[in-house]
Amino acid sequence: MLISEQKLKKVLHEILQQAGSDEYEAALVSEHLVRANLTGHDSHGAIMLPIYIRNMRAGLLVPGMCAKMVKDDDSIMIFDGQRGYGQRVAAEAMDAAINRCRETGVVLMTLRNAHHIGRVGAYGEQSIAAGLVSLHFVNVIDHPPLVAPFGGRDARFSTNPICIAMPATGETPAVLLDMATSRIARGKAMVAMNKGERMAEGLILDSEGEPTTDPSVMFREPGGALLPFGEHKGYGLATLCELLAGVLTGGGTIQPENKRLGGIVNNMFTFVFDPCRLVEHEWMQHEMDAFISHVKGSPPSVPGESVMVAGEPERKKYAERSLAGIPIEEVTWEEIMRAAEDVGINRSSLELL
Ligand code: NAD
């Protein structure tokens with residue numbers, strides 16, 4: 001089914017409010033989830049809401065929590081997300097880091113103990129909107145590992161995303177690299193499973209450590225494993241996410257001494273800085289325009305499909321889906337409706353929104 005952005009937002013907003021969020025939090029979380037769908041990242045969109053409600057019921061996600069400042073040391077800012085909605089606490093911690101960065105030129109901000117922060121690109125977009133550059137390294141804890149190390153046969157860490165954001169110039173749109181360090185995000189396997197589709201080769205191992213194209217191995221016990229992107233190089237980046245975001249935020253890594261209660265907890269290690277404190281603004285813009293146009297000028301390997309830059313596929317998808325609507329599979333919609341019923345909403349009342 002296709003659903004409009006406005007309708008999906010209203011449905012999610014209603015469920016979130018009924019589940020204990022105030023207007024502000026429900027708006028932030030529903031905006032974030034729907035923007036993930038609009039930009040083509042269905043794995044981090046509305047599909048997550050039933051999981052959030054389940055985690056909330058289990059006490060693994062706590063509505064109404066803000067980003068709590070743990071240490072304010074000039075250009076170093078340390079926050080605790082208090083297991084609140086990640087979309088809220090990470091946005092708040094980013095706002096604080098951006099405001100500080102206007103004075104100091106650079107901020108190292110850490111956030112620990114946030115429930116799932118969703119699409120990390122959203123936080124890169126906050127710095128882009130402020131004309132700042134940001135780098136984000138994230139790890140995922142509190143649940144069983146999902147990704148195998150290069151050379152291994154079972155999962156030892158998670159999909160540890162990285163995001164790097166560079167603001168737009170007058171000519172060149174912002175560059176927003178936002179990616180899991182696994183070949184695919186786990187949610188993409190969930191989307192494929194819900195659609196009854198197989199995955200491409202080379203993405204997943206089954207519980208025996210053998211390659212498979214069946215996405216459901218990721219949702220069974222014992223589970224399979226996703227593979228890191230870029231072989232030993234992607235694995236190296238995933239390891240550094242674990243060390244930067246897990247160790248240096250104080251939030252902890254996925255090593256087995258740390259509790260795994262079955263929630264989704266993200267820790268994020270972030271640099272935000274003002275590029276104008278490094279180089280002259282006009283020169284920077286010219287150099288960025290000239291470089292991006294040089295790269296995009298490469299003859300396309302598939303005739304008719306031009307070379308893209310990170311952030312471009314999401315902009316295209318956004319333009320398409322904000323007009324045509326957001327595709328939601330039946331299984332996902334049914335799960336959202338069940339989550340609504342679980343918090344005491346009659347599904348027919350959502351149809352009227
Ligand atoms: P992806 O593979 O779809 O895209 C990764 C990056 O590559 C993006 O920046 C995209 O703009 C760029 N890209 C894609 N196709 C391109 C092309 N043809 N040419 C040039 N650039 C291109 O993304 P993903 O790795 O599947 O991650 C999906 C989302 O999952 C991200 O938003 C990420 O933050 C999120 N995620 C979150 C968590 C979490 O714990 N919160 C964990 C993992 C992933």
Side-chain angles (χ1 to χ4, degrees), residues 29 32-45 47-48 51-52 55 61 81 85-91 111-126 128 134-143 145-147 157-166 173-192 199-200 203-204 215 218 226-230 234 237-238 241-242 245-246 249 251 254 263-270 292 295-296 298 300-302 304-318:
V29 178
H32 180 117
L33 294 177
V34 172
R35 189 165 169 82
N37 286 112
L38 285 169
T39 51
H41 294 295
D42 294 331
S43 56
H44 286 69
I47 200 170
M48 291 305 293
I51 298 170
Y52 294 173
N55 287 353
L61 158 61
Y85 277 103
Q87 288 86 351
R88 168 184 178 166
V89 295
L111 171 67
R112 65 187 179 221
N113 198 23
H115 189 264
H116 190 233
I117 63 172
R119 182 180 155 256
V120 184
Y123 314 110
E125 284 168 351
Q126 279 182 260
I128 286 169
S134 63
L135 289 81
H136 311 259
F137 300 87
V138 178
N139 81 330
V140 196
I141 56 171
D142 205 36
H143 67 75
L146 298 170
V147 181
F157 50 86
S158 200
T159 52
N160 295 359
I162 290 179
C163 170
I164 304 180
M166 286 275 288
V175 177
L176 182 62
L177 178 69
D178 172 27
M179 52 173 230
T181 47
S182 49
R183 293 282 310 267
I184 52 159
R186 178 181 184 247
K188 292 215 164 125
M190 196 189 330
V191 172
M199 309 293 302
L203 304 179
I204 356 181
M218 293 308 303
L226 302 172
L227 286 167
F229 87 97
L237 281 176
C241 280
E242 203 65 41
T249 65
I254 200 164
I264 315 172
V265 169
N266 281 139
N267 301 301
M268 179 163 79
F269 180 92
T270 295
I292 298 292
V295 168
K296 286 183 66 70
S298 178
S301 60
V302 178
E305 283 188 19
S306 59
V307 169
M308 291 194 283
V309 174
E312 204 173 329
E314 285 78 8
R315 274 194 303 279
K316 286 193 172 153
K317 198 54 100 179
Y318 184 92

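In this chain, numbering begins with 1 at the start of the sequence shown. Atoms within each ligand, like the ligands themselves, are counted from 1 in listed order. These numbers come from a predicted model, not from an experiment.
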Side-chain donor or acceptor of Arg186 paired with backbone N/O of Ser158 under 3.5 Å: no

Proximal atoms of ligand 1 relative to Pro161 (non-hydrogen, under 4.0 Å): 37 (C), 38 (C), 39 (C), 42 (C), 43 (C), 44 (C)

Atoms of ligand 1 close to Val140 [distance to a heavy atom under 4.0 angstrom, numbered from 1]: 40 (O)

Minimum-distance protein heavy atom relative to atom 2 (O) of ligand 1: Lys188 NZ, 4.4 Å

Residue portion contacting ligand 1 (non-hydrogen atoms closer than 4.0 Å) for Leu176: backbone

Under 3.5 Å: N/O of Arg119 near N/O of ligand 1: no

Backbone of Leu33 reached by a side-chain donor or acceptor of Gln87 within 3.5 Å: no

Heavy-atom pair of closest approach, residues Val120 and Asp178: CB-OD1, 3.7 Å

Contact check, side chains of Pro313 and Met308, non-hydrogen atoms, under 4.5 Å: yes

The one among Val147, Asp178, Asn139, Asp42 that brings a heavy atom closest to atom 34 (O) of ligand 1: Asp178

Atoms in ligand 1 flagged as close to Val120, the criterion being non-hydrogen separation under 4.0 Å: 34 (O)

Under 3.5 Å donor-acceptor, Asn113 side chain and Asn267 backbone: no

Check: Val295 and Val307 side chains under 4.5 Å, non-hydrogen atoms: yes

Proximity to ligand 1 by part of His41, non-hydrogen separation under 4.0 Å: side chain

Ring geometry between Tyr123 and His136 (parallel below 30°, tilted from 30 to 60°, perpendicular above 60°): tilted

Which residue and heavy atom of the protein sit nearest atom 41 (N) of ligand 1, plus the separation: Gly118 O, 2.9 Å

Cys241 versus Asn139, closest heavy-atom pair with distance: O-CB, 3.9 Å

Any donor-acceptor N/O pair, Glu242 side chain to Asn160 backbone, under 3.5 Å: no

Contact atoms of ligand 1, heavy-atom distance to Glu314 under 4.0 Å: 8 (C), 10 (C), 11 (O)

Taking atom 37 (C) of ligand 1 as the reference point, the nearest protein heavy atom with its distance: His44 NE2, 3.0 Å

Arg119 with Glu314: basic N within carboxylate O range, under 4.0 Å: no

Closest protein heavy atom (residue, atom, distance) for atom 16 (C) of ligand 1: Pro313 CG, 3.6 Å

Donor-acceptor pair between Tyr52 and His116 side chains, under 3.5 angstrom: yes

contact_flag Leu177 ligand 1 heavy-atom lt 4.0 Å: yes

Gly311 touching ligand 1 at heavy-atom level, < 4.0 angstrom: yes

Ligand-residue contact atoms, ligand 1 with Met179, heavy atoms, under 4.0 Å: 5 (C), 25 (O)

Member of Thr249, Val140, Val89 meeting the side chain to side chain contact (heavy atoms under 4.5 Å, CB included) criterion with Asn266: Val140

Closest protein heavy atom (residue, atom, distance) for atom 17 (C) of ligand 1: Met308 CE, 3.9 Å

Arg186 and ligand 1 - part of the residue with a heavy-atom distance under 4.0 Å: neither

Closest approach of any protein heavy atom to atom 27 (O) of ligand 1, naming residue and atom: Ala180 N, 3.6 Å

Nearest-contact summary for atom 12 (C) of ligand 1 - protein heavy atom, Å: Ala310 CA, 4.2 Å

Residue and atom name of the nearest protein heavy atom (relative to atom 42 (C) of ligand 1), distance in Å to one decimal: Thr159 OG1, 3.1 Å

